[in-house]
Amino acid sequence: MSLRDFIALSPLLIVATGALVLLLQLAFVRSHRAAFATFLLTLAAASVDGWIRLPAVEQATAVTTLLRVDRFSLFFCLLFFFTSAVCGGLGYRYLRARLTGNRGTSTTLSSCPSSSSCGEFYFFVLLATLGACTLVSSQHFASFFLALELISLSLYPLLAFPVPLAKWGAGRDVSNREAALSLESGIKYLITSALATALALFGIALMYAATGNLQFSSMDFSRGESALLIGGFALLLAGVAFKLSLVPFHVWTADVYEGAPTPVTAFIATLGKTALLAILLRLFSEFSVHILETSVAMISLLAVASMLGGNLLALRQRNVKRLLAYSAIAHMGYFLVVYLVIDRGIAREATIYYLVAYTVTTLCAFSAVSLIDDAALSDVSNPQVTTGDDRNPFQQSFYRGLFWRSPTLSLCLAAALLSLAGIPFTVGFIGKFYLITAALDGQLWGLLGALIVGSALGLFYYLRLLLTLVEAPPIASGQTAGVRVVVDQPHTSAEPAARNNPLLISRSGLGLLLLLTALLLIFGIYPQMLINGINAL
Amino acid sequence: MELVSFYISALIALMASLLAVISRNAVHALLMLIVSLLAVACIFYQIGAPLAAALQVIVYAGAILVLMVFVIMMLNQGKAAVDQETQWLARENWLAPASLAGALLVMMLYLLWDSASRGAAARSVSAAEVGLAMYSKYLLVVELASFVLLAGLVGAFHLARRHTADSAASTNNAASTESVKSARGVR
């Protein structure tokens, strides 16, 4: 390790230092806000560093045999910093809503022991970001594996993140249900992810036995295949497919997405997947997977199954988080199509563009869902409203007529849904356009057919949710009012107020959502900026 | 001769693992697991990695499994756990997965038999060599592993702490399982 290596690794080192500083800080100052400030400061410092170094990096710098820092990895580091900053911001709102949501009851929150332990949330997010950045920079299976483990190990506690339990009032049931579901999702992810890791590790061992080297570049299928290499690759692919929730290995996805705190769902759906997809771009092009019939067959099978399976499973889904989970499965399938034409120039461009599009869109959708949930929670704790499962803020029935109650929020959610469906003027359209161009270029007719059928199916359920948003709100009576916000004008009669009162969305949350929507539209209308940036990588 | 000793220890490892899976008493299963790990340590030694063999004995067989034995003895599951395991081991439960795994095994054996490639010739790797590699070429791996351990440590502490901090959580257990069930119904 020389000074040159340290400079090359500086964004990673900043994040690692920030995580340690945050941990030390939590030992002395257990303040939620201070922890959040340190978190944002770390990410800002790392982003500035990465941003400055991005044009300066002329060629790839190999840091020992393990890591390789080039424009590609730096670009993705920046994307991950952005992702975790957004998820951290959502997490801040999420935890705040649970800490202060029960204001007005006699017990003060400083006496709640759990309220002091929120700072760790940001520590785990930083560690997962560090893992993701290491993953995209790795060129060796040792660092690949450890980075993957670092992401998973920081995600377990995040998925099961102990929500401060409300011990009083109507909020208790909600809190308990949330805690039980999120603990369950953590355990489910722990077990499936451990299995996936074991499979991938065994695959790596077999590939090592075949080639005698752990460098990505030494495992080139074009240099001749052996049964050990293919067997190892199949196991590695199975492990990766577990983490990416591709169809035969997707069973955990919906439960984990539903149970986890919504900011963490956003985090696992974006950073957890894009980091792996980005490194697969490098891995598969080193392997030249498109050469070998066996590997092409395996990847095509996974792709078709995910595109059709994910969309079909989403069709009859009433829970918005589960719907987004199944739609994420389908999107993972779309990505795989491009990996089959990886030798062509357009594949790299298309994958990177679609990764950015997927990240922005998914973040936007989950931000909207998370903010709606927070607003609903602050209302559930209002003792006048009874809680029950029909009040679940993730059910589609809760979204009925949302447009009339909070138009801005609904428009943002609508933009995200249109982008997921791939409607013009959104970033998702350009992304899908790229994918189809790449598939046409490689003449992958079968996969293209599955992609189009899958997208058509997707259009149905995205538009159905969209229609739910603008439907006339249900006639509200005292019993079936759904979760409403505290009535603004106490003197008006109950019914019109329940019809019209908006969801109380925090201003900072709304700002975040508007920023994401703006990005989504800007990249959709002027894609050239981003395309130029990607081409310069 | 070396080949014979390899096959013997591999056979022991396989049988011990199998017995660990099917034995109905948790303590017996753990003891079998220890035997299996020791057999793997023997294999490590035979292929020229004495340090890995020693670590296998000290860390896995020595520390981790003894910890697990302690935990199981403290939980003191006894007869009820044995009955539960007996139920889980009913034929209809294991027949399908076992036959699938058997098919996979056959395929894998065929693949291995089919392949002409062979690993590098056996060579003894000393502890000094391992140390040198760790702290020069693979220094970053050590650092990364320390972060992985840190994440695991803080995560485990953070998740476990809740139960001691909130005594109310245990009293609400019944309510929470109830609400989970009803949440299931919504799906």
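Naming convention: chains lettered A, B, ... in sequence-line order (proteins, then strands); numbering from 1 in each chain.
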What part of [X] gets closer than 4.5 Å to chain B, counting heavy atoms only: side chain, backbone, both or neither?
| X | answer |
| --- | --- |
| A:Leu23 | side chain |
| A:Ile230 | neither |
| A:Leu229 | neither |
| A:Phe123 | side chain |
| A:Ala128 | neither |

Axial cation check for A:Phe394 ring with A:Lys321, 6.0 Å and 45° limits:
yes

Among A:Leu127, A:Leu66, A:Leu158, A:Leu153, who wins on heavy-atom pairs under 4.5 Å with chain B?
A:Leu66

Student check: side-chain heavy atoms of A:Gln139 and A:Phe144 closer than 4.5 Å
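No. Closest side-chain heavy atoms not under 4.5 Å.
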
Heavy-atom pair count under 4.5 Å with chain A, highest-scoring of B:Leu139, B:Leu144, B:Leu149
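Most heavy-atom pairs under 4.5 Å with chain A: B:Leu144.
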
Determine whether the side chains of A:Ser185 and A:Glu258 contain a donor N or O and an acceptor N or O closer than 3.5 Å.
no

Just by distance, with hydrogens left out, do A:Gln395 and A:Arg318 show a side-chain donor and acceptor under 3.5 Å apart?
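No.
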
To the nearest 0.5 Å, what is the distance between OH on A:Tyr122 and OG1 on A:Thr129?
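Here the rounded value is 13.0 Å.
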
Work out which heavy atom in A:Ser137 is nearest to a heavy atom in A:Cys133; give both atom names and the distance.
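Looks like OG-O, 2.7 Å.
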
